[in-house]
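See structure below.
By convention in this document, chain letters (A, B, ...) are assigned in the order of the sequence lines, proteins followed by strands, and residues within each chain are numbered from 1. If you're wondering where the values come from, they're calculated on a predicted model, not measured in any experiment.
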Amino acid sequence: MAAETRRYKAPRGTQDILPDEQPYWDFVRTAASRLCDEFGYGRIESPIFEDSGLFTRGVGEVTDIVEKEMYVFEDRGGKTLALRPEGTAPVCRAYLERGMQSLPQPVRLWYWTPIFRYDRPQAGRYRQHHQFGAEAIGDASASVDAEVIELLWRLYEELNLKDLVLNLNTIGDQECRPGYLEALRDYYRGKLDDVCDDCRGRFERNPLRLLDCKNDRCQPIIAKAPAFTDHLCEPCAQHFQDLQTYLRAADISYELNPRLVRGLDYYTRAVFEFQPLEEGGQSTIGAGGRYDGLIEQLGGRPTPGTGFATGIERIVLNLKRQDVDVGEQWHPLVYVAYQTPKAREQAYRLASDLRRASIPAIGAGGDRSLKAQMRHADALGAEYAAIIGERELSDGTVTLKRLRDGTQVTVPTDAVKDHVRAANP
RNA sequence: GUGGGCGUAGCGUAGCGGUUAACGCGCCAGGUUGUGGCCCUGGAGAUCGAGGGUUCAAAUCCCUCCGUCCACCCCA
């Protein structure tokens with residue numbers, strides 16, 4: 001009976017980010033990290049899995065994330081854990097658990113982490129994707145909302161992403177939302193025969209979502225629906241006004257979108273989304289908002305918070321679409337080749353010395369002919385080939401050939417470093 | 001969870017019922033005497049997604065499953 005062998009494949013909805021993709025990721029990561037420094041956000045790394053209750057309580061029992069997208073598993077001790085489906089709840093958990101209430105408020109934190117959601121994969125959507133996010137916890141003022149929006153705005157700006165639209169809305173708080181939802185339901189009640197099936201479900205489950213239905217049939221009804229801005233309580237209205245004042249002060253342009261709502265339960269007041277102009281379902285590239293009730297929901301004292309998350313895969317997708325220059329992949333500066341096996345040891349030593357001197361170097365290996373080694377050097381994109389032949393071996397020299405233009409010089413072995421450095425500062 | 005497209009060497013594709021499955025890129029090697037890129041030659045590499053069926057004959061037709069991509073839902 002033949003043993004059954006099997007080629008393993010990456011699980012559905014996951015990907016391998018190979019070296020030739022890394023320039024995109026480095027480009028984004030470097031910009032994000034530097035901006036966070038400038039804005040005074042400190043990096044937090046929290047576990048990739050958490051007690052699943054953190055998310056069911058924090059994100060909301062009836063959200064899609066909790067109902068059908070969480071990777072939940074039991075560990076050997078019987079604990080029910082979940083791979084992180086979003087980034088905000090873990091940060092809030094850490095804020096509470098690590099006593100960050102006693103730090104100067106707000107506490108500014110950022111993260112860069114894989115996110116897991118069991119969902120059908122599609123363009124720009126993965127079961128494991130990565131999010132960069134920032135949270136400011138412990139300050140209710142609109143200036144902090146403006147600040148996180150500005151941070152995200154600046155990121156896209158630094159990345160040279162064009163044609164992004166910032167949509168802004170407010171969805172009130174515990175004071176005014178019930179009244180608005182009542183008004184919205186009253187408005188829809190007589191029209192349920194005219195809306196799509198999904199909207200009939202939303203009417204029961206999550207009336208706010210009625211507003212962002214894309215079905216043509218529902219558009220005329222949405223257009224005449226009551227606007228939240230007419231039902232805001234005074235503090236929420238003030239907050240929204242203040243936020244817009246700050247955004248204008250920072251020269252951030254935005255569009256008020258009364259139909260913008262969010263799929264996570266914890267949002268209050270200001271919510272926002274960055275959308276590329278190009279149409280498409282999975283287009284939201286980054287989004288966020290205020291979550292003043294979340295910490296309390298997680299067992300802390302009432303503590304305000306606001307933040308955003310942005311999807312790295314979607315950023316990379318847009319960088320590619322827009323042909324943004326993100327820099328090049330790693331190439332060796334020097335490829336060390338040898339003519340005969342006698343020179344192998346010397347070649348290895350040279351490659352080793354170059355690396356020790358911080359010069360990216362690769363040594364030839366095996367029994368390849370010098371010609372094959374040269375081809376290899378070219379294929380790797382090396383700047384120089386260092387050739388050690390019979391003559392060099394007896395002279396204690398190395399022939400350095402610059403592959404770009406074919407010029408070459410022979411220099412003493414210990415002068416290779418300086419020669420290469422001088423030409424490539 | 002729903003709907004549609006596609007699954008042939010590492011990658012991109014052709015072949016769409018009939019001898020040893022083709023091409024491009026990539027990979028490896030050679031084109032004599034110590035050297036790349038262009039060009040030329042040669043080579044390795046494919047149980048044609050899997051299983052079943054129709055047929056004298058199937059990569060090619062049918063069914064099922066799986067995978068993948070796209071869209072919906074929802075989200076970054």
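Across B:A76, B:C28, B:C74, the shortest atom-to-atom separation from the side chain of A:E69 is found for B:C74. When the nucleotides B:G34, B:G36, B:C70 are ranked by their closest atom to the side chain of A:E392, B:G34 comes out on top. Of all nucleotides listed (B:C73, B:A29, B:G37), B:C73 comes nearest to the side chain of A:K68. Checking B:A76, B:U35, B:C72 against every side-chain atom of A:Q408, the shortest atom distance belongs to B:U35. Comparing B:G36, B:A29, B:G67 by their closest approach to the side chain of A:K371 singles out B:G36. Nearest nucleotide to the side chain of A:R120, out of B:A76, B:U35, B:A71: B:A71. Here the side chain of A:R202 is nearest to one of B:C73, B:G30, B:U35, namely B:C73.
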Original post:
In dot-bracket, 5' to 3', how would RNA chain B read with Watson-Crick or G-U wobble pairs under 3.5 Å, [ ] for crossing ones and | for pairs to another strand?
Top reply: ((((((((.[[[[.)..(...]]]].(((((.......))))).....[[[[[..)....]]]]])))))))....

**OP:** Carefully, step by step, assess A:Q275 and A:T284 under the rule side-chain hydrogen bond (donor to acceptor under 3.5 Å, both in side chains).
**Re:** CA-CA 5 Å; A:Q275 299 269 357; A:T284 299; 2.8 Å; yes

**OP:** Dump the intermediate steps for side-chain hydrogen bond (donor to acceptor under 3.5 Å, both in side chains) on A:Q128 and A:T14, then the final yes or no.
**Re:** CA-CA 5 Å; A:Q128 175 178 343; A:T14 67; over 6 Å; no

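Look at CZ on A:R375: it is 13 Å from C1' on B:G43, rounded to the nearest Å.
Tested against A:I388 for a side-chain contact (heavy atoms from CB on, under 4.5 Å), the candidates A:T340, A:T413, A:V336, A:L370 yield a single pass: A:V336. Checking A:V420, A:D418, A:V416 one by one against A:V411, the side-chain contact (heavy atoms from CB on, under 4.5 Å) holds for a single residue, A:V416.
Between the side-chain ring of A:H129 and the base of B:A76, a stacking contact exists by the 5.5 Å and 30° definition.
A:F116 places none of its side-chain heavy atoms less than 4.5 Å from the side chain of A:M70.
Remark: aromatic rings of A:Y156 and A:F274 are close, center separation under 6.0 Å.
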